[in-house]
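The structure appears below as C-alpha cells.
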Amino acid sequence: MQLRLWITLLVCMVMTSCGSHHRPAPVRDLTTPASTIDPLAPPTSVVVRKGDTLYSIAFLYHLDFADVARYNGFSPSTPIRAGQRLRLTPPPRQANASRSQMNNGQYRAPSQSTGQTSNQSVKQPVDRPKTREYGEVKSEENNSSDPLSSSTSKQKITWTWPAQGQVVARFSLKEQGNKGIDIANRAGTPVVAAADGKVVYTGDALRGFGNLVIIRHSDDYLTAYAHNQSIEVKEQQWVKAGQQIALMGKSGTDSVKLHFEIRFRGRSVDPSRFLPRR
C-alpha cells in the first residue's frame, strides 16, 4: 500500500514537471530596451505603436523585414497601423519551413566577389570580401514593381563612409557586443547615406538608438544611423550615396557619435568589411 502511494506521488510530480515546459512564448512590445533584445529568441508578436514601420520593428528584433511581412500575410510595401499586432515568428503552417537566411542556426553569406549567396553555411555573418561592392543578390520573391528588388536590380551596391571622424567602437560578434561601428566627431558633423537607397524609417521610437534613420538598399541590405542631433530626410525619400541625411549628435547616448549598422537579411554584419579603406 505504501509503495503504491509513493508511485502515485512520483507520477504526479513528473506530469507537473513536463507541463511546466509548455508555457506560451512571451509577447513583448516596443518599450523593451534595445540592449535586452535577444535576436535569437524574438517575442511571438508585438503591438504596433504610432510612428513604427515594418522596417523599424524588424530592425529592433534583428529580423528580415521580408520574413516579418510573410509571417503576417502581406507584402513589405503594405502599410502597418498603430494598434495592429504583428507576428515575429512563423505561424504554424510555416514553422517547419526554412527561413530565408537561416539553415540549422546558420545562414548563407554573400560571396566575396559578387554578393550572391553561396550554398555553404557559415558561422560568421559574412566572409571578408576582396571587393567592397555588394548587393547583386537574387531574391526569392519576384517583385518587379519595386526598384530595390534585387531580382530586378543588377547593380552592385557601392558603399561610402557615413561620416567623418574617429572609429571609437568596432563591430563585435559577442552576444552583447557592438552590432555596428561608432564614429565620434563634433556635434553637427554631417551624416550621409552610405549607399543609394530609400529611407524607410525616421524617428526616435526605438529606445537606445535616439534619433534614428534606416535606409533600405535592396531586398537584402539595410543601413541604420543612430544618435543623430537632427534628421534631414523623410520616410519614403530616395537618397544617393554621400547625400546628407542627418547631423551627428548624442540622442539616446552620453557622447557625440554616430552608431552605424549594416544589416544583411536582418542580421548585423561588420561594416568594415563593406566600407572603403581609409
Please round to the nearest 0.5 Å and tell me the distance separating atom CZ of Phe264 and atom OG of Ser218. 8.5 Å
Correct closest heavy-atom pair for Val200 and Thr53 would be O-OG1, 3.3 Å
Would you call Val47 and Arg85 a side-chain contact if the rule is heavy atoms closer than 4.5 Å? yes
I'd like to know whether Lys198 forms a side chain to side chain contact (heavy atoms under 4.5 Å, CB included) with Gln236, so could you lay out the CA-CA distance, the side-chain angles of the two residues, the decisive distance to 0.1 Å, and finally the verdict. CA-CA 6 Å; Lys198 185 178 184 180; Gln236 308 304 312; 3.0 Å; yes
In terms of heavy-atom contacts, Ala241 and Ala195 come closest through CB-CA, 3.6 Å
Straight-line distance of Asn185 CG to Lys257 NZ, nearest 0.5 Å: 14.0 Å
Just checking Gln164: does its CD atom have more than 12 heavy atoms from other residues, nucleotides or ligands closer to it than 6.0 angstrom? no
As a test of understanding, state which of Asp219, Asp220, Ile214 forms a side-chain contact (heavy atoms from CB on, under 4.5 Å) with Arg216. Asp219
Value for CD1 (Ile181) from CG (Asp270), rounded to nearest 0.5 Å, stands at 8.0 Å
Please work out whether the ring planes of Phe209 and Phe59 are parallel, tilted or perpendicular, with thresholds of 30° and 60°. perpendicular
Determine whether the side chains of Arg87 and Ser45 contain a donor N or O and an acceptor N or O closer than 3.5 Å. no
Within the distance-only criterion (no hydrogens, no angle test), does the side chain of Ser172 pair as donor or acceptor with the backbone N or O of Asn178 below 3.5 angstrom? no
Contact check, side chains of Ile80 and Phe74, non-hydrogen atoms, under 4.5 Å: yes
Which atom pair, heavy atoms only, marks the closest approach of His62 to Arg267? O-NE, 4.1 Å
Of the non-hydrogen atoms in Ile157 and His217, which two are nearest, and what is the gap between them? CD1-CB, 3.8 Å
Passes side chain to side chain contact (heavy atoms under 4.5 Å, CB included), Glu261 versus His259? Steps please. CA-CA 7 Å; Glu261 294 190 23; His259 176 72; 2.7 Å; yes
Taking side chain as C-beta onward, heavy atoms only, is Val68 less than 4.5 Å from Tyr61? no
Is there a donor-acceptor pair under 3.5 Å between the side chain of Glu235 and the backbone N or O of Thr202? yes
Candidate list Leu88, Leu86, Thr78, test side-chain contact (heavy atoms from CB on, under 4.5 Å), partner Asn72, passing option: Leu86
Heavy atoms of Ala163 and Pro190 approach each other most closely as CB-O, 3.8 Å
For Thr160 and Ala193, which heavy atoms make the closest approach, and how far apart are they? CG2-O, 3.5 Å
Is the side chain of Thr189 donor-acceptor paired with the backbone N or O of Arg186 at a distance under 3.5 Å, no angle test? yes
Same cluster or not: are Trp161 and Leu258 linked, directly or through other Ile, Leu, Val, Met, Phe, Trp or Tyr residues, by side-chain heavy atoms under 4.5 angstrom apart? yes
Trp159 versus Ile262: any side-chain heavy-atom pair under 4.5 Å? yes
Val256 vs Met248, test: side chain to side chain contact (heavy atoms under 4.5 Å, CB included). Steps then yes/no. CA-CA 7 Å; Val256 177; Met248 190 181 296; 3.9 Å; yes
Distance (rounded to the nearest 0.5 Å) between Leu247 CG and Asn211 CG: 10.5 Å
Any side-chain heavy-atom pair from Leu275 and Pro162 closer than 4.5 angstrom? yes
Rounded to the nearest 0.5 Å, what separation is found between the CZ atom of Arg170 and the CG atom of Asp182? 11.0 Å
Do the non-hydrogen side-chain atoms of Tyr55 and Arg263 ever get within less than 4.5 Å of each other? no
Could you grab the distance from atom CD1 of Ile231 to atom OH of Tyr225, nearest 0.5 Å is fine? 12.5 Å
Do the non-hydrogen side-chain atoms of Gln84 and Asp52 ever get within less than 4.5 Å of each other? no
Given side chain to side chain contact (heavy atoms under 4.5 Å, CB included), test Val46 with Leu60 step by step and report yes or no. CA-CA 11 Å; Val46 295; Leu60 181 63; over 6 Å; no
Indicate yes or no: at least one non-hydrogen side-chain atom of Phe260 is less than 4.5 angstrom from one of Thr223. yes
